[in-house]
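In this text the structure is predicted, and so the values were computed from the model without any measurement.
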Protein chains: 2
Amino acid sequence: MNQETGHAVTYQYDAEDKVLAAVDCIIFGFDEEDLKILLIKRGFEPEKGKWSLVGGFLKKEETMEDAATRILELYTGLDNIYMEQVATFSEVDRDPVERTISTAYYALINIREHSKNLIKQFSAQWFSVSNAPHLIFDHDRMVQHALQRLRNRSATEPIGFDLLPQKFTMRQLQKLYEAIWDAPFDKRNFINKINSLNIIDKLDEKDMTTSRKGSYLYQFNAEKYEKREGKFLI
Amino acid sequence: MNQETGHAVTYQYDAEDKVLAAVDCIIFGFDEEDLKILLIKRGFEPEKGKWSLVGGFLKKEETMEDAATRILELYTGLDNIYMEQVATFSEVDRDPVERTISTAYYALINIREHSKNLIKQFSAQWFSVSNAPHLIFDHDRMVQHALQRLRNRSATEPIGFDLLPQKFTMRQLQKLYEAIWDAPFDKRNFINKINSLNIIDKLDEKDMTTSRKGSYLYQFNAEKYEKREGKFLI
DNA sequence: GTCCATAGTGTCGTTTTTACACAAAAGATA
DNA sequence: TATCTTTTGTGTAAAAACGACACTATGGAC
């Protein structure tokens, strides 16, 4: 088998061609108004003081999913986070110091639940997606890619609920989708649509924090979701 | 900055954690009836004699897109192929010999145009997607993932044309979409839908190979596609 | 008791989707 | 040369989904 046949070189590999594999996480949160991402201020060179996604290197004994899970827990204190691989970025000079390829994951968390201590410890900060600072390396591209993926996925899968408290109002749900899509929805059409999906339960409780009248709380019902026929959500 | 802070370890990286980065390509073709993928029979251990995707290793001086382009040209003789990254696979033991992560790309080619010499040289063979042999490592998962991506993408982008000759009949186009979706479409509804998109031109020529009456040939019109408003195709 | 801000609700016209059947062409064949 | 056969090509009507749109209900604040 000659050198030219691709996989044939598997066991004649050149150790020179080994690379560092990194994982960078786009952590999305929702504060009842805007879609946000969690960024950290780099405390070391290069690009010290610049804003960056949270990330880390893949270790020998873990998968990328493991690494992403580890990094997410490190920076938020949370495990069991919804997470999806976005893409791998491999520009030769993307990291100026060492040849590194990075696989981006986006994650959805309930913004009220993560550890405030860790936020402080890492000089982390939430930014509105539409108003975030420029990021180092190719992280801006990663965010855009993740956002697009989030839009597509949230149209067919019930992942938006991961960004909300377990009990939420219709108003919150609508604002969430408006934030994700950066577009307004008609209130009645939205509610009719959601109700027709038959995947959330209306509770007897009301949230009294945003109006005198109060608004009913709802809850995602995973069983109903699994049994349902249609494919799309929004 | 301590070891725990993710990116902080960038320049204290452990060379032990470097990995081999591979690229594997799911090459799709369409033979007027079935959606096919190009596979090669491995000529070396491990898994010698088993069927495999075409692939190769990422080199220090190239991006993953470069590597995929190189591999595609190596096995098909074609450049300028439509190609999209699917995902990166990183199970620790996916390659039994060396820690390797692999990024899958799918590619769409006109099945009549690639090099028959290369097919012979690499013991390559076309298989219907629905009837392909089991593949080595995690290549079956890669194919499923690629197929799903192809379905999603072909619903919003005019990429199906890359699988057809430049001039094609409505019948071929319909069969292509039926093959991609593994579902039948109504002939009249399909044609009405395609015509309403206003992105292909009807030519004066007919293809006489499949019927006595002959059927008109059509051609994708990129300018019309760029100017059009709607978002979805199918 | 009035004010005020937010919650909650239904209809109708338009557009899109789906289901469905027959005539035309032209070479093959008798 | 008539007819058989196979494939192409075409339209309509009913159903479903979508989009636009405005008023009443609630209940605490004042």
Please tabulate, one pair per line, all N/O donor-acceptor pairs under 3.5 Å involving side-chain atoms of residues 127-138 of chain B, not counting sequence neighbours.
| residue | atom | partner | partner atom | Å |
| --- | --- | --- | --- | --- |
| B/Ser128 | OG | B/Asp34 | OD2 | 3.0 |
| B/His134 | ND1 | B/Asp140 | OD2 | 3.4 |
| B/Asp138 | OD1 | B/Arg94 | NE | 3.4 |
| B/Asp138 | OD1 | B/Arg94 | NH2 | 3.0 |
| B/Asp138 | OD2 | B/Arg94 | NE | 2.6 |

Enumerate donor-acceptor pairs with a distance under 3.5 Å from any side-chain N or O in residues 210-217 of chain B to protein atoms, sequence neighbours excluded.
| residue | atom | partner | partner atom | Å |
| --- | --- | --- | --- | --- |
| B/Ser211 | OG | B/Lys213 | N | 3.4 |
| B/Ser211 | OG | B/Gly214 | N | 2.8 |

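The distance between atom NZ of A/Lys202 and atom C1' of C/dT9, rounded to the nearest whole Å, is 10 Å. Regarding B/Phe190, its CZ atom lies at a distance of 18 Å from the P atom of C/dT16, rounded to whole Å.
Nearest nucleotide to the side chain of B/Ser211, out of D/dG9, C/dA7, D/dT7: D/dT7.
Rounding to the nearest 0.5 Å places CZ of A/Phe30 at 10.5 Å from NZ of A/Lys36.
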Using the 3.5 Å cut-off, write out each protein N or O paired with an N or O of nucleotides 28-30 of chain D and the distance between them.
| residue | atom | partner | partner atom | Å |
| --- | --- | --- | --- | --- |
| D/dG28 | N3 | A/Arg212 | NE | 3.4 |

Give me, pair by pair, the N or O atoms of the protein and of nucleotides 21-24 of chain C that are less than 3.5 Å apart, along with how far apart they are.
| residue | atom | partner | partner atom | Å |
| --- | --- | --- | --- | --- |
| C/dA21 | N1 | B/Arg188 | NH1 | 3.3 |
| C/dA24 | N3 | B/Lys213 | NZ | 3.4 |

Protein-nucleotides 17-19 of chain D N/O pairs under 3.5 Å:
| residue | atom | partner | partner atom | Å |
| --- | --- | --- | --- | --- |
| D/dC18 | OP2 | A/Lys193 | NZ | 3.2 |

### Query
Going through the distances and angles, do A/Thr88 and B/Thr88 end up as a side-chain hydrogen bond (donor to acceptor under 3.5 Å, both in side chains)?
CA-CA 7 Å; A/Thr88 298; B/Thr88 298; 2.4 Å; yes

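Mapped onto DNA chain C by nearest heavy atom, A/Gly214 and A/Asp186 fall at different nucleotides, with A/Gly214 at the one closer to the 5' end.
The stretch residues 171-179 of chain A touches DNA chain C through A/Arg171, each having a heavy atom under 4.0 angstrom from the strand.
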